[in-house]
2 protein chains.
Amino acid sequence: MLTSKDMSEHCGLKSSIIRKDLAQFGACGIKGQGYVVSELTAYLNKILGINNTKDVVLVGAGHLGTAIARYPGFINANFNFIAAFDIDDEKIGSSIGHTHIYSIDTLNKYLEDHKIEVIVLAVPSSAALDIVTKLDSRIVKGILNFTSMVFPGRMNDMYIHNIDLAKELEVISFCMKNCITQKSDD
Amino acid sequence: MLTSKDMSEHCGLKSSIIRKDLAQFGACGIKGQGYVVSELTAYLNKILGINNTKDVVLVGAGHLGTAIARYPGFINANFNFIAAFDIDDEKIGSSIGHTHIYSIDTLNKYLEDHKIEVIVLAVPSSAALDIVTKLDSRIVKGILNFTSMVFPGRMNDMYIHNIDLAKELEVISFCMKNCITQKSDD
DNA sequence: TAGATTGTTAATCGATTAACAATC
DNA sequence: TAGATTGTTAATCGATTAACAATC
């Protein structure tokens, strides 16, 4: 059991807005008590669309791709790297943990056969555009783009979420310079 | 020369707010003309505190650390990985590009000797807390934390910016589920 | 019942926008 | 000068907050 006040203390928001937002999504607290943790997490996962395990595919098995596939947070968020793809013959046939590495030439067929909706792109930026344009947007609906190539947020009917690691260092730099207390986003 | 309208078309914000925000920071456009690109970038870099090259140190030279040090965006943002530190004897003595890898035991002395204000943390989460608590907060002012260990936004007098790669996949998942058009953040 | 905390309202606050005088 | 776009104002919009009746 968790109250809105508990949550507010953890994340630096006022308790009233936590109650309001949860109510907005229809989450059901118990008056005088708070929120049942198990119900709440299930509810939030459902809102985020991660209530059941989702298979995703890694494209690019270099250092960044390997780090991503091994990143512990993805497992907690119910994401499963079902396969990886690379252009390098040395890597094809090997594995990152339980994730097998296939030839990039077989990517589109794999996506179609396994109905993969989300891919994680960690190839050199020079290769990014070519891969993205060849994707079948009837199959792939979302791309998490770790390359420094910037794509529009939406292309065809695919969501593309651009991650810019350097931007985050700029945030720190700005905060240090201006003595801003960052909102902790626990 | 760039107008607020040009910028608004690129990033999906209204031109009025671009003018307002730039004016707020004191950036100086030319009425009837727009903004001189070179002046504007210099100004924005100054605001972000990245107008001159800043040396940062990488802690953890595994896959993630290596990928980060090689990430092209950091160079553009004037960040220079002056050194890397790892616990693994195999890695110590070798390099990632021009970044030499030293023993983690020498980290704090190095930070002090070189007056390094920002470190990038890419060690296993189990090692994160120990490293952070041993840092000298009179020297280090900012930490970019790529581990899945979550730190408060501020500790002692150090800014800690937590990066959660998995969170980004949740964002995509949510957008796909709710057919939200993401704000592109070019 | 008494105590506690939700869900919701109404009030406040801040951020976004449209519009336009200033001026290059 | 005529055309264009800034910087800024005043109006709008939405998000945050405090407060409290409802109720577990």
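Letters A, B, ... are given to chains in the order of the sequence lines, protein chains preceding strands, and every chain is numbered from 1. FYI, side chains are in, hydrogens and waters are out, and symmetry mates aren't considered; it's all heavy atoms of this structure.
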Next on the checklist: With a 3.5 Å limit on both atom pairs, tell me what dC13(D) is paired to, counting Watson-Crick and G-U wobble, or say none.
Outcome noted: dG14(C)

Item to check | N/O (side chain, Tyr35(B)) to phosphate O (OP1/OP2, dG7(D)) under 4.0 Å | outcome: yes

Checklist entry - dG7(C) P sits how many Å from Gln24(A) CD, rounded? => result 13 Å

Next on the checklist: Taking the ring centre of each residue, are His161(B) and Tyr159(B) less than 6.0 Å apart?
Outcome noted: no

Checklist entry - Taking atom P of dG7(C) as reference, at what distance in whole Å does atom CG of Leu22(A) sit? => result 8 Å

Next on the checklist: Measure NZ/Lys14(B) against C1'/dT5(D) and give the value in whole Å, please.
Outcome noted: 18 Å

Could you go through nucleotides 8-15 of chain D and list every protein N or O atom that sits under 3.5 Å from one of its N or O atoms, giving the distance for each pair?
none

Next on the checklist: Please name the nucleotide paired to dT5(D) by Watson-Crick or G-U wobble geometry with both distances under 3.5 Å, or report none.
Outcome noted: dA22(C)

Next on the checklist: Walk me through whether Asp55(A) and Ile116(A) qualify under side chain to side chain contact (heavy atoms under 4.5 Å, CB included).
Outcome noted: CA-CA 7 Å; Asp55(A) 287 330; Ile116(A) 302 296; 4.0 Å; yes

Next on the checklist: Quick one, Ile47(B) and Phe174(A) - any side-chain contact, counting heavy atoms below 4.5 Å?
Outcome noted: yes

Checklist entry - When all nucleic acid strands are considered with a 4.0 Å heavy-atom cut-off, which category describes Ser4(B): base, sugar-phosphate, or nothing? => result sugar-phosphate

Item to check | Verify same cluster id: Ile17(B), Leu40(B) (apolar side-chain graph, 4.5 Å) | outcome: yes

Item to check | Donor-acceptor contact present, side-chain Asn156(B) to main-chain Met158(B), <3.5 Å | outcome: no

Item to check | For atom NZ of Lys5(B) and atom C1' of dG3(D), their distance in whole Å | outcome: 15 Å

Next on the checklist: Using a 6.0 Å cut-off, check whether atom CD1 of Ile92(A) has over 12 heavy atoms from anything other than its own residue.
Outcome noted: yes

Next on the checklist: Can you confirm whether more than 12 heavy atoms, excluding those of Glu112(A), are under 6.0 Å from its CD atom?
Outcome noted: no

Polar atom pairs (N or O), protein with nucleotides 22-24 of chain C, under 3.5 Å:
unit_1  : atom_1 : unit_2   : atom_2 : d
dC24(C) : O4'    : Lys31(B) : O      : 3.3
dC24(C) : O2     : Lys31(B) : O      : 3.2

Checklist entry - Is the backbone N or O of Lys54(B) less than 3.5 Å from a side-chain atom of Asn80(B), with the two atoms forming a donor-acceptor pair by type? => result no

Next on the checklist: Tell me if the centroids of the rings in Tyr43(A) and Phe25(A) come within less than 6.0 Å of each other.
Outcome noted: no

